[in-house]
Amino acid sequence: LGMLSELKFPVPWGHMAAKAWGPSEGHPVLCLHGWLDNANTFDKLIPLLPRGCYYVAMDFSGHGLSSHRPAGCTYHFLDYVTDVRRVAAALQWRRFTLMGHSMGNFSFSYCFISPQFCFLYPEMVDKLILLESLGFLLAPEDTEAWLKSKRRVIDRLLSLEAKQPTPKARSPEAALQRLLEANSHLTAEGGAILLQRGATETPTG
């Protein structure tokens with residue numbers, strides 16, 4: 001089972017990288033590496049697995065050949081879960097198997113990425129395979145609130161990025177009116193003061 005291809009998916013800060021094995025029409029399997037690893041962690045394993053599947057091993061942001069996030073940005077566990085959602089969307093996979101690898105105590109935050117994704121998007125995952133990893137546990141009373149809030153954050157972010165509307169140019173008067181409509185506590189004088197620094201003048205407005 002030779003490597004089929006190197007893959008790249010655009011993201012706002014650069015790209016996500018991945019490598020793929022097997023026939024692209026095969027059953028999709030997304031492979032997630034562990035702490036300080038990259039997609040190559042699966043090089044020895046994939047050839048031993050059943051043929052007929054399409055294995056895609058992604059590099060998380062800041063790992064392997066994927067772009068680093070901008071300087072000063074953190075790498076939070078939910079960002080990694082969002083990375084998985086981005087790659088699944090780029091591959092146009094509606095349902096797939098998720099295989100996650102973590103190693104030792106240092107991967108404590110990483111080992112939760114695969115289970116968290118399953119918890120947030122159960123309709124997208126048909127099987128979960130955990131290698132040297134743990135499940136993801138929440139207190140029952142916290143489950144519903146956690147699920148709603150975290151999924152909403154990810155879905156809103158990806159929705160906003162997908163739209164990327166062209167910035168609207170307005171006259172100074174229209175810009176002030178828009179600001180006052182969105183901020184009922186502002187006076188016209190206060191809004192004008194904020195717009196001096198909060199708006200950029202262009203040839204069209």
Side-chain angles (χ1 to χ4, degrees), residues 7 9 11 16-43 45-46 48-50 52-64 66 69 74-162:
L7 307 175
F9 312 107
V11 292
M16 300 283 298
K19 56 194 300 187
W21 296 259
S24 58
E25 69 277 8
H27 180 78
V29 180
L30 188 60
C31 308
L32 310 182
H33 65 76
W35 177 255
L36 299 182
D37 287 348
N38 55 58
N40 278 7
T41 199
F42 294 99
D43 280 6
L45 176 62
I46 299 296
L48 304 177
L49 299 181
C53 291
Y54 184 46
Y55 300 97
V56 174
M58 58 180 278
D59 291 324
F60 283 115
S61 298
H63 297 70
S66 287
R69 294 184 183 274
T74 59
Y75 289 81
H76 189 259
F77 74 87
L78 199 62
D79 296 325
Y80 291 120
V81 176
T82 307
D83 283 349
V84 177
R85 186 68 182 84
R86 292 179 194 278
V87 170
L91 291 165
Q92 297 183 322
W93 285 359
R94 292 188 174 182
R95 194 162 175 82
F96 54 93
T97 295
L98 194 57
M99 179 164 61
H101 171 257
S102 289
M103 162 181 6
N105 293 329
F106 295 109
S107 58
F108 190 72
S109 61
Y110 273 48
C111 68
F112 290 146
I113 294 171
S114 300
Q116 278 185 22
F117 184 87
C118 291
F119 185 51
L120 287 166
Y121 298 97
E123 73 280 6
M124 297 185 70
V125 180
D126 59 6
K127 296 183 186 71
L128 172 64
I129 303 167
L130 299 178
L131 309 175
E132 298 179 290
S133 188
L134 302 170
F136 174 57
L137 301 175
L138 279 175
E141 63 273 15
D142 297 333
T143 300
E144 187 174 350
W146 189 95
L147 176 62
K148 285 183 178 179
S149 65
K150 298 300 185 287
R151 180 160 174 159
R152 185 168 58 246
V153 166
I154 294 174
D155 290 347
R156 279 185 180 174
L157 174 63
L158 297 186
S159 176
L160 286 171
E161 288 177 1

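- Between Val56 and Ala18, the closest heavy-atom pair is CG1-CB, 3.8 Å.
- Atom CG of residue Asp37 and atom CG of residue Leu32 lie 12.0 Å apart, to the nearest 0.5 angstrom.
- Listed here is the closest heavy atom pair of Phe9 and Ala90: CD2-CB, 3.4 Å.
- Between His27 and Asp126, some side-chain heavy-atom pair lies under the 4.5 Å cut-off.
- A donor-acceptor contact closer than 3.5 angstrom is absent between the side chains of Asp83 and Tyr75.
- Between Val84 and Gln116 there is no side-chain heavy-atom pair separated by less than 4.5 Å.
- Looking only at distances, a side-chain donor or acceptor of Ser149 sits under 3.5 Å from a matching main-chain atom of Ala145.
- The side-chain heavy atoms of Asp155 and Tyr121, taken from C-beta on, include a pair separated by under 4.5 Å.
- Interatomic distance, Leu78 CG to Phe117 CZ, rounded to the nearest 0.5 Å: 11.5 Å.
- For the pair Met124 and Phe96, the minimum side-chain heavy-atom distance is below 4.5 Å.
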Trace of the side-chain contact (heavy atoms from CB on, under 4.5 Å) decision for Cys118 with Leu98: CA-CA 8 Å; Cys118 291; Leu98 194 57; 4.1 Å; yes
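- Separation of atoms CG (Leu7) and CE (Met16) is listed at 11.5 Å; rounding is to 0.5 Å.
- Of the inter-residue distances, the one linking Ile129 atom CD1 with Thr97 atom OG1 reads 6.0 Å to the nearest 0.5 angstrom.
- Distance check, rounded to the nearest 0.5 Å: OH of Tyr80 to CZ of Arg86 gives 13.0 Å.
- Summarising the geometry of Pro23 relative to Cys53, their closest heavy-atom pair is CD-O, 3.5 Å, with the distance given to 0.1 Å.
- From Ile46, atom CD1 reaches atom CG of Asn40 across 11.0 Å, with rounding to the nearest 0.5 Å.
- Minimum interatomic distance between Ser61 and Ser66 (heavy atoms only, all atoms of both residues): CA-CB, 4.2 Å.
- In this structure, Glu161 does not pair ionically with Arg85, as no charged nitrogen and carboxylate oxygen lie closer than 4.0 Å.
- Within the 4.5 Å cutoff, no side-chain heavy atoms of Lys127 are placed close to those of Val29.
- For the pair Val11 and Arg69, the minimum side-chain heavy-atom distance is 4.5 Å or more.
- Contact annotation: the side chain of Trp21 never approaches that of Leu49 to less than 4.5 Å [non-hydrogen atoms, C-beta and beyond].
- For the pair Phe42 and Lys19, the minimum side-chain heavy-atom distance is 4.5 Å or more.
- Closest of all the heavy-atom pairs between Arg151 and Leu120 is NH1-O, 2.6 Å.
- Of all heavy-atom pairs between Ser114 and Met99, the closest is OG-C, 4.5 Å.
- Applying the 6.0 Å contact sphere to CD of Glu144 captures no more than 12 heavy atoms from other residues, nucleotides or ligands.
- The main-chain N or O of Asn38 is never found under 3.5 Å from a side-chain atom of Asp59 such that the two would form a donor-acceptor pair.
- For Phe60 and His33, the gap between ring centers is short of 6.0 Å.
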